[in-house]
Each structure stands twice: as C-alpha cells, then as structure tokens.
Amino acid sequence: MDPMRIPLFQVDAFTARPFAGNPAAVCLLGSWLDDRTLQKVAAENNMPATGFLVPSDNNYEIRWFTPICEIRLCGHATLAAAFIVFKSLNPEAPTVRLATGFSGEMVVSRDGDSIAMNFPSLPHKVPSTIPPDLARILEGSSGIAEFLEGNQTWVAVYTTAEQIQGLNPDLRQVESLHPFVFAATAPGQDVDFVSRYFAPSYGIPEDSVTGSLHCLLAPYWANRLGKNRLRARQLSERGGELSCEWLGERVVLKGSAVLIKQATLTI
C-alpha cells in the first residue's frame, strides 16, 4: 500500500509575529481517518492542538486534538485552520464555514489583517463553594475577588494583572481537577482584561492563548465593565492578544496568525 501524504502546516495563532501566540498544527485530509490515527498524528505533531480539516460542500469540517485527547472547542487551532484556508486553499473567499461535532457550525471571516471567528458564548455561574482540590491549589493566594464556573473550567477572578502574572500553581494538583481545568483573570492596564489557563490533564500544562476561555470570559467582563467590545491579553510565557465582542449567545474573537512551517506528513 502506498503511504498517505498529508499536507501539514504549523501556525502561530493570536499573534502578528513568529514565535509568539499559540502554536497549532493544521492537517488537510481528503476524508476522515479513524480516531486512533488522528490521535497518533496529533501526538506526533506535539503541538498544543492539531486542527484536522476535511472538505464538505465547499466548506470544511473540523476536529481538534491535543497530544493526548480530542477536545470540544479550540479557538487558536480554528484560527490557524482558517488562516490556512484563506492563505492557501481559497484566497478569494471572504468567509469559511466550519462544521463541528460539538459546537455547531462556526463562521470565520476576514477582517482586515485579522480573522474574526463567530463562536458560541459559554455561560458561567458563581459557585457557592469551591472543591477542596481547588482550595489547596490556591492556598496562600491573595487578591481573589470571586470564582466562576463554566465549560468545565474553574476561574479565579483576581484584582490585579500582577497577581495573574505571578501565579505558579502546582500542576499535579491542577490535574486532579479533571475533567475541570483552572484559569485566572483580572482587569488589565492597557487592555480590558488579562488571563492565564492551565489544563495539564488534557496535555496542556499552560496554554499560551486560549480562544475557548474567552468565550467564557468575554460575557463576564462585558457585564462587569459595561461594554461589549473588549481587548484581552493572555499572560503566558509566549503571550498573545485578541479582541472580543459579546453578542449575547455568540462571541466574536478576532486575532492574527503567522505561518511558521509547511511540510508533508507521510504515514
């Protein structure tokens, strides 16, 4: 049997410069491979996420895998995949529709030098108590104003960006929260809000820039700050920035991307 050759791209998402933002792999498939093979490819890529695209009715179906599991929604790999569609597959297209198995259809559009993604808004609630594992993670931490829970994410809301920058949670304890992950957010100085995101049980010790988290945080900060258009920064080591617009049941996330590598995967 002849080997299968899969076009492979590496893209830095939510950044306008190389070696920043969140790296993602994008694989172009003619049809879906079995789940085990998709997972092996994502593990081989060893990126925070791999987005797989399959053509469908002049648009695409998309799935996302970390090195250890499939995930329900991934903003930066969606941005990376749309960037490849607009750059290489259909340069004249103003929009692309991406069909997902968990989050419905997403419309992604060009917006000047950025790409705008129309995602579902993710609801949150303010819990009356927090689990003991989370309390242990935050033991000795000061400046927490409140907690949020949503999309299997515990969010600690701090009072300053410096507190977010200084976080150093025990990742083994964060892993014990599974299937939940841990995030933190606070008001920004030159942006509306900042955040960090830790998901070691999904193969992501700390995510560089997390689109799905902002589908949860945008409604919270829009209500708190009294405005629907927000600028956000994720304070990871690589860092990244994005714009958010809360539209009630939807959130539009805007960001840039940079192509780092193009290759062929042979399996």
Donor-acceptor pair, side chain of Ser121 and main chain of Arg250, under 3.5 angstrom: no
Do the charged groups of Asp35 and Lys40 touch, with an N to O distance under 4.0 Å? no
Quick one: does any side-chain atom of Thr66 pair with a main-chain N or O of Tyr202 as donor and acceptor, under 3.5 Å? yes
Is it the case that Arg229 places NZ or CZ above or below the six-membered ring of Trp246, under 6.0 angstrom from the centre and within 45 degrees of the axis? no
Summary of salt bridge (charged side-chain N to carboxylate O under 4.0 Å, His left out) pairs that have at least one residue in residues 172-187, sequence neighbours excluded: Asp170-Arg172
Is the closest side-chain heavy-atom distance between Ser201 and Ile68 below 4.5 Å? no
Pairs involving residues 88-112, ordered by first then second residue, that meet salt bridge (charged side-chain N to carboxylate O under 4.0 Å, His left out) (sequence neighbours left out): Arg97-Glu105, Asp111-Lys254
Taking salt bridge (charged side-chain N to carboxylate O under 4.0 Å, His left out) as the cut-off, I'd like each qualifying pair that reaches into residues 2-12, sequence neighbours left out, listed once. Asp12-Arg238
Pairing donors with acceptors under 3.5 angstrom, does anything connect the side chains of Ser208 and Gln234? no
Residues in salt bridge (charged side-chain N to carboxylate O under 4.0 Å, His left out) with Glu61, at least two apart? none
Report yes or no: do Gln163 and Thr160 form a side-chain donor-acceptor pair below 3.5 Å? yes
What class does the angle between the rings of Phe193 and Trp221 fall in, given that below 30° is parallel, 30 to 60° is tilted and above 60° is perpendicular? parallel
Apply the hydrophobic cluster definition, ILVMFWY joined by side-chain contacts under 4.5 Å directly or through others, and give me every member besides Trp154. Ile130, Leu134, Ile137, Leu138, Ile144, Phe147, Tyr158, Ile164, Leu167, Leu171, Val174, Leu177, Phe180, Phe182, Val191, Val194, Phe198, Leu235
Return a table of donor-acceptor pairs under 3.5 angstrom between the side chains of residues 13-20 and protein atoms on other chains or two or more places apart.
unit_1: Thr15; atom_1: OG1; unit_2: Arg17; atom_2: N; d: 3.2
unit_1: Thr15; atom_1: OG1; unit_2: Arg17; atom_2: O; d: 3.2

Which heavy-atom pair separates Ser103 from Arg72 by the least distance, and what is that distance? OG-O, 3.3 Å
Could you check if a side-chain atom of Leu73 sits within less than 4.5 angstrom of a side-chain atom of Phe102, using non-hydrogen atoms only? no
